[in-house]
Each structure stands twice: as C-alpha cells, then as structure tokens.
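Reviewing the structure listed below.
Count residues from 1 along the sequence. Everything numeric here is computed off the predicted structure, so don't read it as measured data.
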Amino acid sequence: MLKIDLGNSGILASNVSLGCMRMAALSDAEAAKVIQVAYENGINLFEHADIYGGGKSEEIFARALAETGIKREDILLQSKCGIRPAEGMFDFSKEHIISSVDGILTRLDTDYIDVLALHRPDTLMDPAEIAEAFNQLQSAGKVKQFGVSNQNVAQMELLSKYVDQKLIVNQLQFSIMHTPMIDHGFNVNMTRDAKSIDVDGGILEYTRLHDVTIQAWSPYQFGFFEGVFVDNPKFPELNEVLEKIGNKYGISKTAVATVWILTHPAKMQVVVGTMNTDRIADIAAASEVKLTRQEWYEIYRAAGNVLP
C-alpha cells in the first residue's frame, strides 16, 4: 500500500483510507473483521465523524479495534465535527468543537486523534474562536493535526488567516462521475455549458499550491448519493472502458475507479466507505497501480465528458 504525507505534515497515511460511517450497522465481531482486513491490506487511516450512527460508529470501532489486537499507535484516527443534525444546523463555535472532540475521544477510547476536520462549512463561524479551540485541543494533546471538509478556497483562506495550525486535508466529493473540481479547468474562458463554471474557487489548484491533501469521498457514486456507477446499466460506455482497463491490470472495475483518482498528480487519498471485506481487499489492490495518460482521459470521456 502506497503511503502519502498528509498535507506535508509528516503523517504517513495509506492512499486508500477506510471511512467508518456504515460501521454503526455492524456487530463488534463484524467490525473487528473489517478493521483487520483493512489493516492487513495496508490501510492505516480510519476516518470517522461524530455524527456517524449518532456516535455509534466510533463506539463500535473502539470495541472492535480492541478485539483485533492492533495497537493504537500503528493506525491513524481522523474524525470530524460541526454538524448538529438534531438542531438542523452547523456549529463551529469553540464550545461545540471542544465538547465534540471530548466526545469523540471517549467513544474511540483514545487519548488523541491524529486529524480533526471541520465537517461542512458554517457561515456563522468566527475564525478567531476556531483558532482558540484548535490551540486548546493541540496544547492538551487531544488533536495532532487539523483540516476541513467541503470547503472552498475563500473559506480555507479565511480560516487560515486566524489559525496557527496548517490545514492539512480537505475532504471533497470526487469520482469519475462527479468532477466539477476539474471540469472548469478544461473549459477556461468558455461558456458552452455548466462545466465551464468554477464552483469552488479553484480548490484543486489551491490544495496543490498549499500542500493540502484532498480526501476524495463517495468515489463510486454519481450525483448526490444517487447510486453507484460501477455495473450500473445507466453507464454502459463507462463500464465497458473500466472493464477493459481492469482486465489489462488484473483488477476490478471498482479498483480502476479508485486508480483513476489516485493517478492524478495531486496525490489525493481515497476514502472508501464499504464494510464488505472482499471489496476492501479488492480496492486496496489499486493502491500501487497507475493509469497511463491516455487511459485516464479515456475514462473521463467515457463518463460523458467532452473535451473542448
């Protein structure tokens, strides 16, 4: 499994990570098997959020990890905070961030997390207040590094003006069938369709300029949780190309979809959310494969994209 330096921070993480949102549906024994298989296949970063399963995902993970015998220091734990679903709002207040981290640490049964990311932008955020929360959490040894999720360039710049810590990650939705992050880069100074619109302030280029690692979530989805595109009859041309390239490298179509993201020189990390151990092993096989430039563009076009 290839490792990447998250945000040039010195944290060496597998370029495929396991998102634990669905772990709330598993028994402790089932979760232990998922963690063990992921770890044995080279995955060392496990990604959480305080709202996953209402906190249950983190609790099950902690109990399951203890069953595996894997040492805490041999893995990386990341979690997110800032969404308050019961109240129907986002909350980046100092009080909520600190209390959320305390809850995360309790549920994960750990003294620290390696990365804390702010989950979805809060337009009411006071960046100076966030800076106080970050400093308090870091000085207490509760959080090593910090990042964000689903933020654009201006939002990251505003936050970075106040916080002392570098934002090392930004979690962004990205897959073969969800590509606004790169579409407008192909259509600069053109008005032929919506793909020419810059919807994020050039976040791809920004993260590369500032050594921020993009963590690509929903890597196999199309639309906004509309479904998986692999083996979906709605996308026959794309699946034909994925199968052809997969046969060349001896990997599955899902693995090719993973490789397509990992091949980008931005050195992204793919967040995989499956709890199926066979799929985890299958996807992990993509870690060290790299597509040719011709193959990468062939897949992009097969997804319905037209180059100018």
Side-chain angles (χ1 to χ4, degrees), residues 1-19 37-45 47 76 168-183 185-186 203-222 228-231 235 237-274 278-305 307:
M1 174 74 67
L2 286 179
K3 299 290 195 298
I4 56 175
D5 186 347
L6 284 186
N8 203 25
S9 66
I11 294 180
L12 297 180
S14 50
N15 62 356
V16 175
S17 64
L18 187 71
V37 169
Y39 184 76
E40 289 175 354
N41 280 274
I43 294 174
N44 72 342
L45 189 145
E47 198 274 334
L76 301 170
I168 69 167
V169 298
N170 190 354
Q171 289 196 352
L172 298 162
Q173 185 178 4
F174 187 59
S175 74
I176 294 169
M177 292 298 299
H178 185 92
T179 54
M181 192 161 58
I182 62 176
D183 293 336
F186 288 123
I203 193 65
L204 174 63
E205 292 75 18
Y206 177 87
T207 55
R208 297 181 73 180
L209 285 168
H210 294 270
D211 295 320
V212 178
T213 298
I214 291 174
Q215 296 178 317
W217 58 269
S218 284
Y220 317 116
Q221 292 273 334
F222 66 95
V228 175
F229 57 78
V230 176
D231 290 327
F235 311 106
E237 182 181 355
L238 173 59
N239 278 280
E240 183 180 340
V241 171
L242 292 177
E243 183 171 14
K244 179 188 70 172
I245 294 175
N247 289 338
K248 172 185 173 181
Y249 292 102
I251 57 177
S252 70
K253 286 180 277 189
T254 300
V256 175
T258 308
V259 175
W260 186 83
I261 297 172
L262 296 179
T263 295
H264 197 286
K267 296 181 180 179
M268 302 180 198
Q269 182 186 56
V270 175
V271 181
V272 176
T274 182
D278 290 337
R279 279 175 57 81
I280 291 171
D282 173 48
I283 293 167
S287 172
E288 300 187 35
V289 179
K290 187 174 182 179
L291 302 176
T292 67
R293 184 180 296 262
Q294 182 177 352
E295 289 165 344
W296 192 94
Y297 275 101
E298 183 181 9
I299 291 171
Y300 181 73
R301 295 195 313 273
N305 298 294
L307 295 173

For this session: State, with a plain yes or no, whether a side-chain heavy atom of L262 is found less than 4.5 Å away from one of V16.
Result: yes
Problem set entry | Point-to-point distance, once rounded to the nearest 0.5 Å, from CG of D183 to CG of L307 | 10.0 Å
Exercise. Any side-chain heavy atom of L6 sitting closer than 4.5 Å to one from I4?
Worked result: yes
Exercise. Distance from Q173 atom CD to T179 atom OG1, nearest 0.5 Å?
Worked result: 10.5 Å
Problem set entry | Under 3.5 Å: donor-acceptor pair, side chain of H210, backbone of V212 | no
For this session: Please name the pair of heavy atoms, one in S175 and one in P219, separated by the smallest distance, quoted to 0.1 Å.
Result: CB-O, 3.1 Å
For this session: Only one of I43, V37, I283 passes side-chain contact (heavy atoms from CB on, under 4.5 Å) with L18; say which it is.
Result: I43
Exercise. Has the side chain of N170 got a donor or acceptor atom that lies under 3.5 Å from a matching backbone atom of I214?
Worked result: no
Problem set entry | Distance, nearest 0.5 Å, that separates CD of E288 from CE of M1 | 8.0 Å
Exercise. For the residue pair Y297 and Y300, does the interplanar ring angle fall in the parallel (under 30°), tilted (30 to 60°) or perpendicular (over 60°) class?
Worked result: perpendicular
Exercise. Within the distance-only criterion (no hydrogens, no angle test), does the side chain of N15 pair as donor or acceptor with the backbone N or O of S287 below 3.5 angstrom?
Worked result: yes
Exercise. What is the minimum heavy-atom distance between D282 and A255, and which atoms define it?
Worked result: O-CB, 3.9 Å
For this session: Would you indicate whether the side-chain heavy atoms of I245 and W260 approach each other to under 4.5 Å?
Result: no
For this session: Using modelled atom types only, decide if a donor and an acceptor are shared between the side chain of T213 and the backbone of G7 within a distance under 3.5 Å.
Result: yes
Exercise. Roughly how far, to the nearest 0.5 Å, is CZ of F174 from CD1 of I182?
Worked result: 4.0 Å
Problem set entry | Minimum-distance pair of heavy atoms, taken over all atoms of Q269 and S14 | NE2-O, 2.7 Å
Seminar exercise, completed: CG (L291) and CD1 (I261) are apart, to the nearest 0.5 Å, by 11.0 Å
Problem set entry | Nearest heavy atoms of M177 and F235, plus distance in Å | CE-CE2, 3.4 Å
Exercise. Just wondering, are more than 12 heavy atoms of other shown residues or ligands nearer than 6.0 Å to CD in E240?
Worked result: no
Exercise. Is N239 reaching over with its side chain to a backbone N or O of F229, donor-acceptor style, under 3.5 angstrom?
Worked result: yes
Problem set entry | Side chain to side chain, I176 and L242, heavy atoms closer than 4.5 Å | yes
Exercise. Got a second to check how far T207's OG1 is from M268's CE, nearest 0.5 Å?
Worked result: 7.0 Å
For this session: Answer yes or no: is there a side-chain heavy-atom contact under 4.5 Å between V289 and K248?
Result: no
Exercise. Any side-chain heavy atom of T254 sitting closer than 4.5 Å to one from Y220?
Worked result: yes
Exercise. Are Q221 and V228 side-chain neighbours, meaning at least one heavy-atom pair lies under 4.5 Å?
Worked result: yes
Exercise. How would you list, by chain and number, every residue that makes a salt bridge (charged side-chain N to carboxylate O under 4.0 Å, His left out) with K3, sequence neighbours excluded?
Worked result: none
Exercise. Any side-chain heavy-atom pair from V272 and T258 closer than 4.5 angstrom?
Worked result: no
